[in-house]
Amino acid sequence: MKPKIRELKEAAISLFTPAYTTKFPYVEHVPFEKFRGKPVVDDQNCVGCETCANVCPSHAITFTDDREKGIRTIRRDYSKCIFCGQCEEHCITGKGVKLSDKIFDLSQFDRSKNVEYQEKELLICKNCGAVITTREHIRFLHKKLGPKAFASVLNLNVLNEKLRLAEGQDLDVEVKDHLKRKDMFNILCPNCLRLVLIKYL
Ligand code: SF4
Ligand code: SF4
C-alpha cells in the first residue's frame with residue numbers, strides 16, 4: 001500500500017523542525033512553574049502524626065509502631081509516589097512535607113534507594129500499653145490549642161512532664177494494682193482515662 005500523501009508531508013516537515021523533546025539527562029531539565037516533584041520531608045516540622053499515611057492514595061507512606069522500644073517508624077517509598085500532593089495538602093503542621101519543584105529524577109536500579117525512614121518517640125498508655133500518639137504530636141497540639149489544651153487531662157500531664165511543673169510527683173509511673181484516682185495524672189490513653197474518671201470522679 002502506498003503511503004498517504006499527508007504522512008509523507010508530515011515526515012518531510014519534521015526533518016526540518018526542532019525536536020519537541022529535551023535532551024535530558026545529557027542536558028539539565030528545568031521543570032515548569034508549580035511542578036510537583038518528589039515530596040521532601042522536614043523532620044523538624046513533622047510530628048509523626050500519620051495523617052499523610054492515611055491520605056496517601058498509593059500507600060507510599062506507611063508506619064509501624066514498636067511498643068517495646070517506644071518508637072514509631074515512618075516509611076516513605078517514593079517508587080510508589082504518584083505526586084498527587086495529598087500529603088502536603090493534609091499535613092497538620094503545614095510544613096512537615098512539601099513537594100519539590102526541582103527533584104523529579106527518581107530512576108534507580110536499586111529501588112530501596114527511593115525509601116526514606118523517620119523515627120518518632122511514642123506516647124504509650126501506662127496502664128494498658130496502647131499507643132496514644134507521638135510525643136511531638138501531643139506537644140504540637142498543645143502549642144496550637146493554647147490555654148484550651150488544659151481541657152484535656154492528657155495534654156496537661158504531658159505539658160507538666162515537659163516543663164517539669166510537677167517535679168517530684170509521680171506523673172510518669174507504672175500503674176500498679178489497677179487504676180487508682182491518682183492515675184488521673186498519669187499518661188493514660190483515652191479509654192483508661194475514662195475508666196478512672198467514671199470510677200473516681
Ligand atoms: S504525593 Fe501523593 S502519592 Fe506521593 S507520598 Fe504524597 S500522598 Fe503519597
Ligand atoms: S502529616 Fe505532616 S506532621 Fe504528620 S506525619 Fe505527615 S509530614 Fe509529619
Side-chain angles (χ1 to χ4, degrees), residues 1-124 131-146:
M1 186 193 288
K2 285 183 186 174
K4 290 179 187 168
I5 301 293
R6 179 176 60 82
E7 287 164 346
L8 277 174
K9 189 180 157 199
E10 280 182 15
I13 291 170
S14 69
L15 280 175
F16 300 100
T17 50
Y20 285 108
T21 51
T22 68
K23 294 195 183 304
F24 178 83
Y26 304 108
V27 176
E28 189 190 357
H29 172 66
V30 181
F32 51 84
E33 204 186 336
K34 295 187 180 169
F35 174 81
R36 293 199 302 217
K38 176 183 178 273
V40 177
V41 174
D42 178 355
D43 193 50
Q44 294 296 313
N45 284 302
C46 169
V47 295
C49 65
E50 83 186 63
T51 303
C52 53
N54 290 332
V55 298
C56 177
S58 62
H59 304 292
I61 311 170
T62 51
F63 68 95
T64 45
D65 290 340
D66 185 333
R67 289 200 239 174
E68 294 294 313
K69 293 183 183 161
I71 296 289
R72 168 170 293 170
T73 305
I74 304 164
R75 182 179 188 273
R76 298 173 195 262
D77 183 351
Y78 297 113
S79 304
K80 294 181 180 172
C81 178
I82 56 171
F83 312 104
C84 64
Q86 290 296 304
C87 50
E88 176 181 328
E89 176 81 20
H90 294 278
C91 176
I92 64 161
T93 69
K95 301 177 201 161
V97 61
K98 288 204 182 287
L99 269 61
S100 163
D101 59 356
K102 296 197 175 52
I103 308 170
F104 59 88
D105 185 13
L106 298 174
S107 309
Q108 303 275 4
F109 284 112
D110 179 0
R111 284 190 164 206
S112 67
K113 289 186 177 159
N114 277 338
V115 181
E116 289 176 5
Y117 294 91
Q118 284 171 275
E119 287 191 346
K120 298 286 176 187
E121 192 187 349
L122 284 172
L123 195 64
I124 292 182
V131 172
I132 302 171
T133 181
T134 64
R135 284 184 184 266
E136 281 180 52
H137 186 190
I138 286 283
R139 283 172 190 152
F140 168 77
L141 293 176
H142 213 109
K143 210 169 157 190
K144 193 160 174 107
L145 287 170

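Atom OG1 of Thr134 sits about 8.0 Å away from atom CG of Leu123, to the nearest 0.5 Å. Here the CD atom belonging to Glu119 is positioned 9.0 Å from the OG1 atom belonging to Thr64, to the nearest 0.5 angstrom. In this structure, CZ on Phe63 lies 6.0 Å from CG on Asn54, to the nearest 0.5 angstrom.
Judged by distance alone, the side chain of Ser100 and the main-chain N or O of Val40 form no donor-acceptor pair under 3.5 Å. With Lys98 contributing its side chain and Gly94 its backbone, the two residues share a donor-acceptor pair below 3.5 Å. Between the side chain of Ser79 and the backbone N or O of Asn114, no donor-acceptor pair lies under 3.5 Å.
Pairing each heavy atom of Cys46 with each of Glu136, the nearest pair is O-OE1, 3.2 Å. Taking every heavy atom of both residues into account, Gly37 and Phe83 meet most closely at O-CD2, 3.2 Å. In this structure, Ser58 and Cys81 approach most closely via the heavy-atom pair OG-CA, 4.1 Å. Listed here is the closest heavy atom pair of Ile61 and Ala53: O-CB, 3.6 Å. For Ser112 against Asp110, the heavy-atom pair with the smallest separation is OG-OD1, 2.7 Å.
Of the listed residues (Thr21, Thr22, Val27), just one forms a side chain to side chain contact (heavy atoms under 4.5 Å, CB included) with Phe24, and that residue is Thr22.
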Checking side chain to side chain contact (heavy atoms under 4.5 Å, CB included) for the pair Thr62/Cys56: CA distance, chi angles, key distance, verdict?
CA-CA 9 Å; Thr62 51; Cys56 177; over 6 Å; no
Passes side chain to side chain contact (heavy atoms under 4.5 Å, CB included), Ile92 versus His137? Steps please.
CA-CA 9 Å; Ile92 64 161; His137 186 190; 3.7 Å; yes
What verdict does the side chain to side chain contact (heavy atoms under 4.5 Å, CB included) test give for Glu50 and Ile74, after you've listed the backbone C-alpha separation in whole Å, the side-chain angles of each residue and the deciding distance to 0.1 Å?
CA-CA 8 Å; Glu50 83 186 63; Ile74 304 164; over 6 Å; no
Let's go through Asp43 and Lys120 carefully: what are the C-alpha distance in whole Å and the side-chain angles of both, what is the deciding distance for side chain to side chain contact (heavy atoms under 4.5 Å, CB included) to 0.1 Å, and is it a yes or a no?
CA-CA 10 Å; Asp43 193 50; Lys120 298 286 176 187; 3.0 Å; yes
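Contacts classified as salt bridge (charged side-chain N to carboxylate O under 4.0 Å, His left out) and involving residues 24-42 (residues at least two apart or in different chains) are given here: Lys38-Glu116. Legend: salt bridge (charged side-chain N to carboxylate O under 4.0 Å, His left out) pairs involving residues 51-69, not counting sequence neighbours, sorted by first then second residue: Asp65-Arg72.
For the pair Pro25/Asp105, no side-chain contact is recorded, criterion being any heavy-atom separation below 4.5 Å from C-beta on. Inter-residue side-chain proximity for Val97 and Arg76 is flagged as met; some heavy-atom pair is nearer than 4.5 Å.
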